[in-house]
Every structure is written in structure tokens, then in C-alpha cells.
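Read the structure below first, then the notes.
Numbered from 1 within each chain, the chains take letters A, B, ... in sequence-line order. Computed from a predicted structure; not experimentally measured.
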Amino acid sequence: MTVANTKTTRPVLIFWIVAGWVGYCLLPWYMVDDGLWSFKWLVDGYPFDDDYAPAAFLIGQGVKLWLAPILIPLAMPLLVIGRPKSDPLYARILIISGALGFSWLIAQGFSIGIRGFNYDWLKLLFGEPRIRQFGMGYGAMISASAFLFLLTQGIAARGAINGDVFVVSAIGGVITIVTAFVFYPIANMLFSAFITEDGAYSISVFAAKFFDDRLWGLGCLAGARCGAAWNSLFLAIFVGVITTALGLCFALVVTRSGFRYKRTIRALTVLPVITPPFVIGLALILLFGLSGSVTVFFADLFGIQPTRWLYGMPGILIAQTLAFTPIAFLVLIGVVEGVSPSMEEAAQTLRANRWQTFRTVSLPLMRPGLANAFLLGFIESMADFGNPLVLGGNFDVLSTEIFFAIVGAQYDQGRAAVLAMVLLFFTLSAFYAQRAWLGKKSYTTVTGKGDAGVHPLMPVGLSLPVMIIALTWALFTAVVYAMIVYGSVVELWGVNNTLTFKHYVTAFSLRIEEEGIRWTGAAWDSFWTTLSIAAIAAPLTAAVGLVTAYLLTRQSFAGKNAFEFGTMLSFAIPGTVIGVSYILAFNVPPIEITGTGVILVVSFIFRNMPVGVRAGIASMSQLDKSLDESSLTLGANSWQTFRRVILPLLRPAILAALVYSFVRAMTAISAVIFLVSAKYDMATSYIIGRVENNDYGLAIAYSTTLIFVMLSAVGLLQLIVGRVQIGRRSQLSVKDAS
Amino acid sequence: MKRLTLMAAGSMVALGASLGAAQADKLTLYCSAQEDWCQLMARSFEDATGIDVDMTRKSSGETFAQIRAESSNPKGDVWWGGTGDPHLQAAEEGLTMVYVSPMRNELHEWAISQAESAGNRTIGIYSGALGYGYNTELLAANNLPEPACWKDLLKPEYKGHVQMANPNSSGTAYTTLASMVQIFGEDDGFDFMKGLHANINQYTKSGSAPIKAAARGENTIGIVFMHDAVKQAVSGFPIKVVAPCEGTGYEIGSMSIIDGARNEDEAKMFYDWALSAEAQNLALQVNAFQVPSNKGAETSESAPDMSTIKLIDYDFKLYGSSDERKRLLQKWDEEVSVLPQ
């Protein structure tokens with residue numbers, strides 16, 4: 001065991017020592033202005049030009065001398081090479097050098113900004129010398145990572161988590177990035193709830209904004225309007241319950257019924273996920289609005305006055321149900337499939353009828369899935385921004401109120417922060433309620449033992465209503481989508497219904513010239529940006545999410561609850577707040593990434609990571625620990641176990657996380673609207689612009705294109721990751737056999 | 001998986017290379033006018049000067065928020081378009097820089113007075129008067145009388161038929177609020193807003209949304225700038241534009257250079273170019289019916305004739321200041337928006 005460990009860890013140690021030196025001596029220390037992927041700096045004065053110089057060259061030229069002390073923790077680990085891991089000095093040196101290097105990097109990064117010292121006491125101490133620095137670049141980032149992982153290797157060497165380097169490093173890595181990209185910007189933002197206009201801190205400012213009638217008013221009980229907090233809460237509960245119920249119906253139809261067109265159902269329910277959210281809103285307006293096709297038809301039929309019933313709670317509820325039912329379905333299908341048929345077979349052997357089996361065995365085993373689905377629906381509804389924006393009418397919800405508090409002429413950051421706190425309180429309460437309900441019962445049904453069987457069909461009394469509900473909703477969804485496609489090929493919906501492709505031509509025309517293809521369409525810029533950013537963000541999101549899920553389900557360590565809280569936090573915070581907090585936190589050194597594509601990628605990773613985590617946790621809690629244990633007993637270390645045993649069993653979760661994060665990155669709007677820049681404009685913010693301009697044709701045409709792009713992406717990913725097989729006989733082969 | 005990563009890496013390298021190549025001269029433009037106008041301005045400036053333009057379009061409120069958030073490290077160079085108040089506010093907070101353009105002698109008086117009231121940190125590029133428009137078909141279908149004055153909108157039969165933007169999020173709606181306060185006096189102005197509130201079916205986010213909803217038949221009367229209503233009428237929608245009989249306020253669409261701009265020289269070139277008659281004539285190509293600030297620029301026949309509209313003496317300095325703005329908005333929030341409808 002020890003021998004194996006020394007063999008596998010040494011190259012890792014050497015790698016990070018070398019990485020630290022490379023970051024310090026070879027790579028540009030500061031952010032290169034031309035973008036992360038431009039390598040122009042290589043021929044433009046590197047390594048002596050101040051802007052592109054590595055830290056070592058900067059010090060050699062006598063500038064930025066505060067970077068010099070980093071040499072000490074860089075050199076210290078060299079002493080470790082050749083020492084056995086059991087030597088107490090090994091651990092001590094690594095811990096000291098890692099901690100020292102990392103904290104010095106952070107301290108100098110926050111202390112010295114683009115206008116010299118950031119803190120008054122530093123100015124008092126050292127005066128105000130003419131020093132400044134920009135955001136950290138490749139060099140600083142790589143050195144920082146090197147210090148972090150030297151530190152975690154030191155901690156592992158002292159015996160933490162059985163001396164497991166992979167687990168300690170994974171924990172350290174996740175904590176660091178979550179702190180940097182979730183806690184830090186959010187804390188930064190929430191503090192502003194207490195700041196008065198002249199910059200002092202005050203509780204009374206907070207109280208005044210918190211006990212606001214617009215937030216907590218209960219006027220709707222007496223005919224007026226309710227506060228945004230109540231509106232959001234009622235809406236989210238409705239949406240959570242309805243989407244969970246509908247999602248369960250679909251999951252049951254697909255796994256436990258003799259329904260013929262299951263594949264169609266599967267495809268149909270994934271549709272809304274791959275749709276820019278406000279497109280559903282637009283289609284609903286064009287169908288059910290004051291002059292919508294359906295409204296006008298029925299008004300003529302019955303001679304009634306059309307109303308604006310759609311605008312407000314009913315419209316948002318329909319749109320959100322359309323949008324989030326598939327999420328519940330995605331969560332529930334894995335769980336419903338994962339319930340071991342042998343349990344159900346056992347129940348039936350014991351003479352339970354189908355209904356009893358379903359009620360006492362299948363349904364309770366689906367509880368984690370139901371709770372997760374409700375939680376996702378609840379939080380998604382709370383944070384949803386696109387639908388209330390288009391359909392909200394006068395029904396104020398927290399997420400749009402936050403947006404208006406920030407973009408409004410009032411620009412009340414404090415109010416936005418207070419609203420965000422209320423929102424956070426709701427979503428976190430839901431989170432804890434779910435945990436309390438699930439309790440500590442075991443839901444493990446996929447074990448290392450032989451497990452081959454077939455799910456029993458639903459009891460008839462259940463299957464009929466379930467089929468009717470699922471099929472009606474599926475039909476409704478199909479109609480809405482058909483209308484979207486139709487809307488993209490008519491001149492002007494409702495006014496001039498001539499068929500035309502002019503919207504597609506405006507958006508996606510191209511010219512083939514001598515020097516190649518010229519993308520002349522108005523939408524190409526934002527289209528390519530969106531595609532590349534989503535493609536970069538998706539695998540990173542899945543990776544971070546699954547590693548986190550693995551740590552949460554398979555390892556125990558101090559502070560695990562706080563760790564879980566942190567990883568779920570970004571999901572509970574609405575995108576509008578993330579957007580503004582990112583701008584405030586990352587516009588200044590040490591991490592200076594506003595206006596780049598990086599900030600979009602980062603925001604997507606941390607916005608969507610909880611989905612990867614949830615999907616991973618849901619599937620991993622169904623994998624019995626005996627699988628890991630046998631792998632570990634056979635001499636594999638935890639990294640090998642994770643890669644060879646758990647990952648292959650997690651293919652459905654990986655697929656879900658990849659698809660979901662790719663699609664979310666392409667359809668997100670709430671955070672994006674703050675983070676897009678001239679260079680990196682995203683499809684959704686472009687479309688919102690068109691919608692604002694009454695250019696529904698172009699907006700819908702662009703959205704339709706996005707839908708098809710995402711559909712093919714989903715198909716491609718499914719091919720790459722492979723179809724899910726958990727080693728059970730298929731329904732078909734059983735039928736053949738019998 | 002590998003293929004995907006390769007593709008992603010490939011496209012990013014290509015992106016990086018193209019950005020690297022376009023190093024020479026560039027300008028980052030924040031644009032708060034309508035999308036096609038923004039595009040046209042950016043491309044035409046590129047053609048005229050060879051300077052690459054990165055343009056982002058956001059509403060004036062959002063742009064203002066962004067410029068403020070980025071103030072310690074500005075990313076944008078020029079902010080073009082959008083109603084004048086946020087420009088004045090930005091000037092007041094020192095977010096934009098002082099620049100006196102050589103083009104000034106070609107401009108209308110109102111454009112220059114806008115600049116002077118902001119210490120030369122902003123300038124007028126177009127103007128438009130406030131009013132409303134209604135969907136003639138819906139009005140007829142609901143047997144409603146044709147409105148002609150502001151006070152007409154308070155009639156109970158219009159209940160659920162009027163739409164305006166939320167003054168917190170829209171410059172247009174704030175201009176409406178400020179105009180009512182100036183036309184009727186503060187107390188009566190707020191009484192008017194309260195009466196209007198009873199008839200409003202929705203407060204929209206964007207200033208021109210009410211007339212667009214009216215054009216699509218989702219709403220009957222929209223309180224907007226007249227040029228926005230004219231645009232819908234010209235596009236073929238059944239919209240009739242009304243210049244209210246009591247007189248009305250107006251906006252001055254403005255332009256500012258962001259303080260600390262990274263490409264200051266290019267920003268000044270754009271500024272001068274955007275004030276030229278040639279650049280302002282571009283508006284006609286995209287159906288922007290505002291009145292241009294350059295005396296030599298052409299105006300459309302469809303544009304509302306400013307000389308026939310009763311304009312009030314709008315106090316931009318007072319009602320553009322953040323304190324007055326905050327006070328009025330807070331009062332509206334507390335006294336108007338919470339009333340039952």
C-alpha cells in the first residue's frame with residue numbers, strides 16, 4: 001500500500017513544483033490584454049516588456065518587488081525531493097510553503113490594485129508610492145494553483161483522509177474555486193445591503209429596505225397587490241409541485257407502461273430545456289394573448305370579450321411549467337429507472353398486488369428523486385427571469401425586482417441585496433426541508449450484487465390518469481413548439497401570415513467570396529460566441545459537479561455540510577445578482593475578467609454546477625459503497641476507483657450534466673445580460689434586444705435555430721457518452737423469451 | 001469527447017487570432033438606441049475611418065449601471081444614444097469626461113444647452129417629444145372614444161387599456177412622470193399618475209414596449225415617445241399617434257465619452273463624426289424618426305413636426321439630477337405603484 005502510494009504521488013509532487021517555477025519564471029505574470037487565447041505577446045516584447053513579463057523578469061528589472069518573497073515558498077519544496085513521505089519534515093515543508101505562497105499571493109493581490117494600495121492602513125505604513133498592478137494572468141494563476149496543491153499534498157502526507165492525495169486535493173481545489181467565484185462575489189454584494197449612501201455601514205438602512213411593503217405586503221388578499229416575496233413563494237411552490245407531478249407522470253409512462261412511443265415522449269420532454277425561456281413566453285403570447293390566435297378564435301366563437309388573463313401569475317405558471325417539467329423528468333427518470341426491480345419482484349413474490357407494490361416499494365424508493373425534482377422546480381421558478389420578464393404583467397417576483405433595483409434609474413444595490421437575501425432564505429429553506437424529509441434512510445438499490453430484472457407495469461388505476469395527463473401535456477408542448485417554428489417563417493405573426501424565410505436570411509446569411517466565407521448575417525457574431533463559450537463551459541461544469549458529488553457522497557471530512565452549502569449556493573442565488581456581483585468583484589485585480597469570455601464561462605460553471613452535483617449525488621447514492629470498497633481492497637487508490645468504477649457507472653449523470661450545462665449556457669439570460677460585452681455578445685442577450693424592438697420574427701427565427709443546434713448537440717453528446725446500460729434485461733428481450 | 005475539446009480549442013484559437021489581427025485601432029461603443037440603428041452607426045463608422053468598433057446594445061439604464069460598476073476600470077469608450085437623463089446623471093457623478101467638439105457650431109441650440117447643463121460631459125444627438133399612440137382597431141372593437149389629451153387617459157372606460165413603462169427602469173417613463181409634474185404641478189401631477197395607475201394594465205420594463213404591444217394588438221394605448229409610435233405606424237401597424245393637447249415633455253438623446261476610456265482618441269473621432277449631418281442622416285435608413293441635432297441633417301416626412309407640438313419648457317438640469325430623480329421615483333413607488341387597481 002505505502003509503496004503504491006509513493007509511486008503514484010511522487011510525479012504529482014514534482015509536477016506541481018515544476019508548475020510553480022514555470023508560472024513564476026516563464027509565463028506572463030499579469031493578465032494579457034488581448035485575451036486569454038491570443039499569443040501575440042510571444043512576439044511582442046516578451047519576456048522584457050512590463051505587460052508580458054514573467055514575475056522573475058519583473059524582479060530582475062527591479063519592478064514589482066512585492067513579488068520577490070514568493071521565491072522562498074517556491075524554493076522550499078525542493079528540499080523535500082528525495083525524502084520519504086513518512087518523514088515529518090516532508091509534510092511540514094509542503095504545508096508551510098504552500099500556505100505561505102498562496103496567502104502571500106492573495107494578500108498582495110488585494111492590497112495593491114490599479115491605483116496603488118487599496119487599504120488606508122497600508123498607505124499610512126508605507127506612504128503612497130507609485131505602484132500598481134493589473135489582474136492575475138497565466139503565470140500568477142499557475143503559481144497559485146501550484147501552491148494550493150503543494151499545500152494539499154502536505155496535508156495528505158500528514159495523514160488527513162487516510163493520506164489520500166486525490167481526495168485532499170479535490171477538496172482543496174473545489175473549496176478554493178467555490179470561495180473565489182461564489183462566496184467572495186456574493187459576500188461582496190450582500191455587504192452592500194448595509195451600506196448607506198455615503199459609504200458607512202448601518203443596520204437601519206437594512207431594516208428599512210427589508211420591512212418594505214412592496215416586499216411583504218399582503219394586499220392581494222384585499223384586492224390590491226401582494227409583495228414580491230409572497231408572489232415568488234406561491235409561484236415557486238405551485239411550479240415545484242406541478243412540475244414534479246408532471247415529471248413523475250412522464251417518467252412512469254416511459255419506464256412502467258406498455259406505451260408504444262416512449263422515445264417520442266423522451267424527445268418531447270427534453271425540448272423545453274433546449275429553448276431560450278422567453279421564446280415560450282412569446283409563443284404563449286401569440287397563442288393566448290389579447291390578440292393571440294386561440295384567444296381570438298374562442299372570443300369569436302362564444303362572443304366574449306378577450307382579456308389579458310395571460311399576463312401575470314397564470315402566464316408565468318404555464319411558461320415555467322412548460323420550461324421546468326423536463327428538468328423534473330430528467331431527475332426522476334434516473335431515479336425511477338434506478339429503483340431495483342428485484343425489490344419490486346420480491347414484493348410481488350410476497351403476494352403484493354401491483355398497486356401495493358407501487359405504493360409501498362416503488363414510490364418510497366423514488367423519494368429522493370421526488371424531493372430533488374421539487375427542489376429544482378422550486379429554485380428554478382424562484383430564480384427564473386425570462387418568463388416573468390415577458391409575461392409578468394404586474395405580478396412582481398423577486399428575480400425581476402432585483403433586476404429593476406439594479407438597472408433602474410434608482411440603482412439601489414442595497415435593495416437588490418436585501419431582495420437577494422429573501423430569495424436565498426426561501427431557496428435554502430426548501431433545501432433543508434428536503435433534507436429533513438429524506439432523513440437518513442437508505443435508498444441504495446444499485447449494488448455490486450447481481451441485479452437483473454424488469455420493472456413491473458403500473459397498476460391500471462394509476463396508469464390511465466398518468467397516461468392522459470402526460471399525453472395532454474406532451475400535445476400542448478408540441479403545439480407550442482410547432483407555433484414557434486411557424487412563427488419563424490411568417491412575415492409578421494397575426495398581422496401578415498405570408499410565408500417567408502427573410503428572418504433567417506437577415507440573421508444567418510453568408511456570402512462566399514474569394515478569400516472565403518463572409519458571415520454577413522446579423523446573428524453570426526453572437527452565435528459563434530455562444531457556441532464556443534457553451535462548449536468550453538459544459539465539460540468543465542460536469543467535471544466540477546461530479547467531483548463535488550463524489551466528495552459529498554463518498555468521503556467524510558470536517559466541514560462537509562458547509563462544503564455542500566457552498567456548492568449549492570450559486571444555484572440558489574438568482575442570475576441577476578450573480579451578474580452584478582461578478583461585475584463588482586471581478587472588474588478589479590486580483591481577478592480581473594469582466595469584458596472577457598472567461599467571466600461568461602466562469603459564471604456558467606458556477607451557475608450550473610449544482611445541477612451536476614445533484615445529478616451526481618442522486619446517482620451515486622444509488623451505487624453501493626461496497627463497489628468502492630472492493631476496488632480499494634484490490635489495491636486501487638481513490639483516484640483509480642473514481643475513474644474506473646464510479647465514473648463508468650455514472651454515465652447517465654455525466655450525460656445529464658454535460659447536456660444540461662451546455663444547453664443552459666446557450667439559453668441563460670439573467671446573469672448573462674450583465675456580463676456580455678461588445679466582444680462577447682451572447683445569443684440570448686441579442687434575442688432579448690430583438691424582442692424589445694418588436695422584431696419577433698427575427699427573435700423567433702434565431703431561437704428556432706438555437707433549438708436545432710442544441711438538439712444536434714444533445715444527439716452528438718449522447719453518441720459520445722454512449723447509451724445507458726445498467727446490466728438489466730430489457731423489456732423487449734423478456735417479452736421475446738416469454 | 002476529445003473531438004469536442006479539439007473543436008472548441010480550434011474555434012477559440014481562431015477567435016483569438018482574429019482578435020489579435022484586429023489590433024490596430026479600435027473603439028468600444030455602448031449603444032442605447034435601437035439595435036439596427038446601433039449596428040448601422042458602428043458599421044458606418046468603421047467604413048468611414050477604418051477603426052474597428054465593438055458595439056454592445058443595452059438600455060440606457062442598464063448601460064448606466066454598467067458604466068458605474070466598471071468605473072474603477074472602464075471598459076467602454078463612447079456611450080451613444082438613449083435618453084439624456086442617465087447621461088446627465090453619469091456626468092454629475094463624473095463617470096463621463098469633458099469634451100468640447102469642433103462640430104458644435106453645426107448643432108441646434110437645445111443640443112448645446114444639454115451639453116452646457118452637464119459641464120460639457122455630454123451632448124444632444126437627437127430629440128423626441130413624449131405622447132401616446134393607440135391601436136385604432138382595438139379602440140374601435142372596444143367602442144372607446146378617441147383620446148386627445150393627457151387627462152382623457154384618466155377616464156374610467158380606458159381601465160385596463162393603457163400601458164406605460166415603469167419609471168424605475170425606463171427613461172421614457174421617468175420623462176413622463178417628470179413631464180406630468182411640470183405640466184400639472186407636483187401635487188396634481190401625482191394625482192394624475194394615481195388616476196392613470198387605475199387604468200394601467202401593465203408597467204413594462206422598456207420604454208417603447210407599450211406601443212409595441214399596442215402594435216401587436218396586446219394593448220390599446222401606449223404612452224411613449226412619439227417617434228416610437230410613428231415607427232410602428234410606418235411599419236404598417238394600425239397605430240395612431242397623439243400629441244396631447246396640454247403640451248408635453250421631451251427627451252434629448254445624448255452621447256458621452258466615458259471617463260478613463262482606453263481609446264480616447266478614437267472615442268473623440270466617433271463623437272465628432274456622430275455629430276455630423278452625414279452620420280445623423282443614417283437614422284432615416286432605420287426608421288428612427290427622432291429630430292437630429294445637426295441643423296444640416298434631413299428629417300423624415302413621417303417624423304412628428306416639432307414646431308406643431310406644444311412643448312413645455314422642460315427643466316433638464318433639475319429633473320435630470322439624481323437627487324430629484326430619486327425623490328420623484330421614491331414618491332411614485334410609495335404613493336402610486338402600491339395602490340390597488
Side-chain angles (χ1 to χ4, degrees), chain A residues 34-40 114-115 213-214 217 219 222-225 285 289-291 305 308 311 389 393-394 404 406-411 492 494-496 522 528 531-532 535-536 539 580 583-584 587-588 592 594-595 673-674 676-679 681 689-690 692-696 716 720-721, chain B residues 1 4-5 7-8 11-13 15-17 19-20 23 28-29 34-36 39 54-57 59 61-62 64-66 68-70 72-73 75 85-86 89 160 166-169 171 174 201-203 205-206 208-209 212 215-219 232 236-237 325-326 329 333 338-341:
Chain A
D34 314 327
L36 202 60
W37 300 99
S38 158
F39 292 96
K40 217 173 131 275
I114 46 173
R115 303 206 171 153
D213 210 37
R214 280 182 298 166
R225 280 200 256 159
I285 290 179
L290 190 61
S291 298
Q305 195 66 34
R308 291 171 47 91
Y311 297 92
L389 194 66
N394 289 324
F404 293 136
I406 293 165
V407 302
Q410 276 186 321
Y411 192 75
L492 196 58
V495 179
N496 178 357
W528 291 126
L531 219 55
S532 15
I536 295 168
V580 168
I583 283 203
L584 293 176
N587 189 43
V588 287
E592 186 192 343
T594 46
I673 204 163
F674 291 93
V676 291
S677 48
K679 239 187 240 174
D681 197 8
R690 307 313 306 173
E692 271 181 16
N693 211 23
N694 229 10
D695 209 345
Y696 278 28
L716 198 73
I720 296 167
V721 181
Chain B
M1 203 55 240
L4 196 76
T5 340
M7 261 166 54
S11 64
M12 280 318 280
V13 169
L15 200 68
L19 294 175
Q23 195 54 47
T28 304
L29 172 66
Q34 65 203 47
E35 171 83 23
D36 45 2
Q39 288 281 359
D54 276 332
M55 188 274 293
T56 318
R57 201 218 83 94
S59 76
E62 285 165 67
F64 177 56
Q66 185 174 3
R68 172 137 61 171
E70 290 175 353
S72 58
N73 189 9
K75 299 280 199 285
D85 288 347
Q89 246 181 305
N166 189 321
N168 285 312
S169 65
Y174 174 72
N201 58 39
Q202 185 188 340
Y203 290 105
K205 174 202 162 212
S206 129
S208 56
K212 288 166 184 163
R216 285 195 319 272
E218 291 302 308
N219 169 49
Q232 300 301 325
F237 292 106
R325 189 184 183 99
K326 266 193 184 139
L329 286 176
D333 266 343
V338 294
L339 292 177
Q341 281 181 307

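Among all heavy-atom pairs drawn from B/Q202 and A/R308, the shortest one is OE1-NH2, 3.1 Å. The two residues B/R216 and A/S291 make their nearest non-hydrogen contact at O-CB, 3.8 Å.
Atom CG of A/L290 and atom CG of B/N219 lie 8.0 Å apart (nearest 0.5 Å).
For A/L531, no part lies near chain B; criterion is any non-hydrogen pair under 4.5 Å.
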